Amino acid sequence: MRLTRYFLPVLKENPAEAKIVSHRLMLRAGMIKQASAGIYSWLPMGLKVMQRIERIVHEEQARAGHLPVLMPTLQSADLWRESGRYDDYGEEMLRMQDRHGRDMLYTPTAEELITDIFRAHVSSYKDLPLTLYQIQWKFRDEIRPRFGVMRGREFYMKDGYNFDVDYEHALHAYNRHMVSYLRSYERMGLQAIPMRADSGPIGGEDTHEFLVLAETGESEVFYDSAITGLTLGDRDIDYTNWDQCALIAREWTEPYARTDETHDEALFNQVPEARRKVSRGIEVGQIFYFGTKYSDAMGASVVNDKGEQVPVHMGSHGIGVSRLLGAIIEASHDDNGIVWPEGVTPFHCGIVNLRQGDAGTDRVCEDLYAAMTAAGLEPLYDDREERAGAKFATMDLIGLPWRITVGPRGVKNGVVELTCRRTGESEELKPEMALARVKEIYSSV
RNA sequence: CGGGGCGUAGCGCAGUCUGGUAGCGCGGCGGUUUUGGGAACCGUAGGUCGUAAGUUCGAAUCUUACCGUCCCGACCA
């Protein structure tokens with residue numbers, strides 16, 4: 001993409017309404033525009049990052065054997081009356097009527113609808129296990145939305161639902177989700193720690209929240225620092241292997257890690273003092289096992305291998321996709337702007353032409369741009385008639401992890417400069433070598 | 001929902017107390033000179049002062065109501 005052809009309305013000054021860094025940077029980097037309280041329009045670069053996150057989620061769900069569906073945002077109240085939640089949900093649920101006076105609502109979650117799909121089409125244990133998920137807009141009418149996309153009213157979320165014949169199978173589904181979530185977050189460049197949590201209004205017996213450590217987090221968190229060293233890396237994972245999933249889940253849930261809601265001081269004190277950490281965290285996902293709550297209420301049952309009619313065991317699982325943009329920025333930025341992890345960056349590499357219109361720099365930039373594009377990477381070429389300072393400031397603000405700077409001095413010597421956004425380190429390389437380096441970096445992402 | 005702010009150009013703000021020609025910086029557009037960390041100069045466009053009613057010869061400014069939005073609290077993926 002050439003910057004002169006892109007729509008990137010960056011702001012030099014901080015918008016008054018944004019108090020926390022991710023909100024400020026998303027507005028300044030031209031990623032979002034507030035439409036009304038807690039509701040945002042997504043501009044091209046913000047949408048691009050969101051789509052990268054979405055893609056990682058889809059890929060990891062596919063790997064775990066889960067199937068995508070798409071359910072409506074506007075739902076009839078009928079199913080919600082059947083489960084009893086139409087009355088339980090309260091003011092957070094946005095309610096409305098259609099022209100016939102029928103009660104409708106904007107979905108805050110989709111247990112009812114998915115259970116309705118299930119009961120209509122599945123009747124045998126042979127069709128299980130089944131996990132369906134969607135990535136769809138949700139709405140919760142927060143009393144006080146704040147912090148930009150981190151606590152919006154409208155939000156984009158992956159919500160998934162597993163259906164299993166009994167508790168043991170459902171437990172594996174739980175563990176499988178834990179592993180797939182850990183993988184997803186790792187690919188986004190995040191360390192998200194599973195923490196035992198309360199189940200809240202969704203209702204459940206077993207539940208973990210995934211929290212990203214950040215000063216601006218909404219929850220206070222207590223954890224054993226041993227957990228922050230854990231990583232899946234390139235472990236070979238077989239999602240059909242119950243033992244392997246259980247083992248990984250245990251590895252990540254054994255060290256103490258809880259939010260203030262479930263914090264147990266006595267247990268915490270058993271952690272060696274040097275490893276006891278108190279911090280704040282942003283919740284970026286949650287998994288639940290809730291058994292037969294909805295299947296009982298809505299009559300979703302299957303015949304098991306003994307010929308008995310049994311209610312299905314269910315769980316639900318969420319990843320806050322739009323919220324993740326804020327969380328990633330909170331966890332990865334500096335005074336000059338965003339620092340995108342390679343896994344979610346909107347463009348793989350910036351190309352900065354320091355002397356637009358100069359035959360030499362223009363040619364090197366164009367060649368790099370074409371070669372990088374041909375290699376399957378997406379560069380952002382700053383081809384504006386701007387001075388160096390303005391171009392650097394823009395690149396730093398929008399946070400592309402790598403930048404190639406092409407100036408007349410370097411071109412004369414046959415080199416360009418490759419700079420790492422995170423460390424600020426630069427090296428001078430021949431253009432083809434710089435390209436090779438960028439290709440190599442992304443080959444493992 | 002309780003408490004407290006704020007609504008004036010795309011963004012950041014002054015002007016409101018004490019009523020009388022709507023301003024500044026950034027950004028935009030045109031031009032000249034610049035060119036390795038948000039350049040300088042010249043020119044130029046851009047505003048129902050949140051909305052409505054009221055007071056007044058006259059309202060951005062005073063009064064009332066409403067709307068929007070932000071912050072703290074309670075609540076929450």
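All of these numbers come straight from a predicted model, not from anything done at the bench. Every chain is numbered from 1, with letters handed out A, B, ... down the list of sequences.
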Pair listing, side-chain hydrogen bond (donor to acceptor under 3.5 Å, both in side chains) test, anchored in residues 8-18 of chain A, at least two apart: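 Applying side-chain hydrogen bond (donor to acceptor under 3.5 Å, both in side chains) to every pair that reaches into residues 8-18 of chain A, excluding sequence neighbours, yields nothing.
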Below 3.5 Å, can you tabulate the donor-acceptor pairs from side chains in residues 320-332 of chain A to any protein atom, sequence neighbours excluded?
{"from": "S322(A)", "atom 1": "OG", "to": "Y156(A)", "atom 2": "N", "distance (Å)": "2.8"}
{"from": "S322(A)", "atom 1": "OG", "to": "Y156(A)", "atom 2": "O", "distance (Å)": "3.4"}
{"from": "R323(A)", "atom 1": "NE", "to": "M150(A)", "atom 2": "O", "distance (Å)": "2.9"}
{"from": "R323(A)", "atom 1": "NH1", "to": "E218(A)", "atom 2": "OE2", "distance (Å)": "2.9"}
{"from": "R323(A)", "atom 1": "NH1", "to": "E283(A)", "atom 2": "O", "distance (Å)": "2.6"}
{"from": "R323(A)", "atom 1": "NH2", "to": "M150(A)", "atom 2": "O", "distance (Å)": "2.8"}
{"from": "R323(A)", "atom 1": "NH2", "to": "E218(A)", "atom 2": "OE2", "distance (Å)": "3.3"}
{"from": "E330(A)", "atom 1": "OE1", "to": "T216(A)", "atom 2": "OG1", "distance (Å)": "2.4"}
{"from": "E330(A)", "atom 1": "OE2", "to": "S22(A)", "atom 2": "N", "distance (Å)": "2.9"}
{"from": "E330(A)", "atom 1": "OE2", "to": "S22(A)", "atom 2": "OG", "distance (Å)": "2.7"}
{"from": "S332(A)", "atom 1": "OG", "to": "V339(A)", "atom 2": "O", "distance (Å)": "2.4"}

Summary of salt bridge (Lys or Arg N to Asp or Glu O under 4.0 Å) pairs that have at least one residue in residues 249-267 of chain A, sequence neighbours excluded: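 Residue pairs passing salt bridge (Lys or Arg N to Asp or Glu O under 4.0 Å), neighbours aside: R235(A)-E251(A).
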Parallel, tilted or perpendicular: rings of Y369(A) and Y381(A) (30°, 60°):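 Rings of Y381(A) and Y369(A): tilted, 30 to 60°.
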Where along [range] does a heavy atom fall under 4.0 Å from RNA chain B?
range: residues 29-46 of chain A; answer: Q34(A), S36(A), A37(A)
range: residues 326-340 of chain A; answer: none
range: residues 56-64 of chain A; answer: none
range: residues 379-389 of chain A; answer: R387(A), A388(A), G389(A)

N/O donor-acceptor pair, side chain R28(A) with base rG38(B), under 3.5 angstrom: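 Indeed there is one.
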Residue list, side-chain contact (heavy atoms from CB on, under 4.5 Å) with T131(A), at least two apart or on another chain: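 If we apply the side-chain contact (heavy atoms from CB on, under 4.5 Å) test to T131(A), skipping adjacent residues, the hits are H66(A), N162(A), R176(A), H177(A).
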side-chain contact (heavy atoms from CB on, under 4.5 Å) partners of L113(A), counting only residues at least two apart: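 So L113(A) forms a side-chain contact (heavy atoms from CB on, under 4.5 Å) with M71(A), P72(A), Q75(A), L79(A).
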Rounded C1' spacing from rG15(B) to rU21(B) in Å: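 One C1' to the other, the span is 14 Å.
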Touch class at under 4.0 angstrom, heavy-atom based, for K19(A) against every strand present: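 Sugar-phosphate, no base atom in range.
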Sugar-phosphate, base or nothing in reach of R24(A), heavy atoms under 4.0 Å: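 No contact.
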Pairing check on [N]: which nucleotide meets the Watson-Crick or G-U wobble criteria with it, both distances under 3.5 Å?
N: rC49(B); answer: none
N: rC57(B); answer: rG20(B)
N: rU32(B); answer: rA40(B)

N or O in side chain of R144(A) less than 4.0 angstrom from rC72(B) OP1/OP2: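 Result: yes.
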Under-4.0 Å side-chain N/O to phosphate OP1/OP2 contact, K12(A) with rG38(B):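 Answer is no, no contact under 4.0 Å.
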Pairwise distance CG(L400(A)) to CZ(R403(A)) - rounded to 0.5 angstrom: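 It is 10.0 Å, given to the nearest 0.5 Å.
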Y161(A): partners by ring pair (Phe, Tyr, Trp, His ring centres under 6.0 Å), with sequence neighbours left out: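 Residues passing ring pair (Phe, Tyr, Trp, His ring centres under 6.0 Å) with Y161(A): none at all.
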Contacts of F268(A) that satisfy ring pair (Phe, Tyr, Trp, His ring centres under 6.0 Å) - sequence neighbours left out: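 F222(A), Y256(A), H263(A).
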Protein proximity profile, nucleotides 45-52 of chain B - base contact B, sugar-phosphate-only contact S, no contact -, cut-off 4.0 Å on heavy atoms: --------
Which nucleotide in the set [options] lies at the smallest distance from any side-chain heavy atom of [X]?
X: R146(A); options: rC11(B), rG12(B), rC75(B); value: rC75(B)
X: L11(A); options: rC13(B), rG36(B), rC11(B); value: rC11(B)
X: A390(A); options: rG38(B), rC1(B), rG36(B); value: rG38(B)

Upstream residue (5' side of RNA chain B) when R403(A) and E13(A) are each assigned their closest nucleotide: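 Closer to the 5' end of RNA chain B: E13(A).
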Qualifying residue for side chain to side chain contact (heavy atoms under 4.5 Å, CB included) with F210(A), from I319(A), I282(A), L182(A):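 It is L182(A); the other options fail the test.
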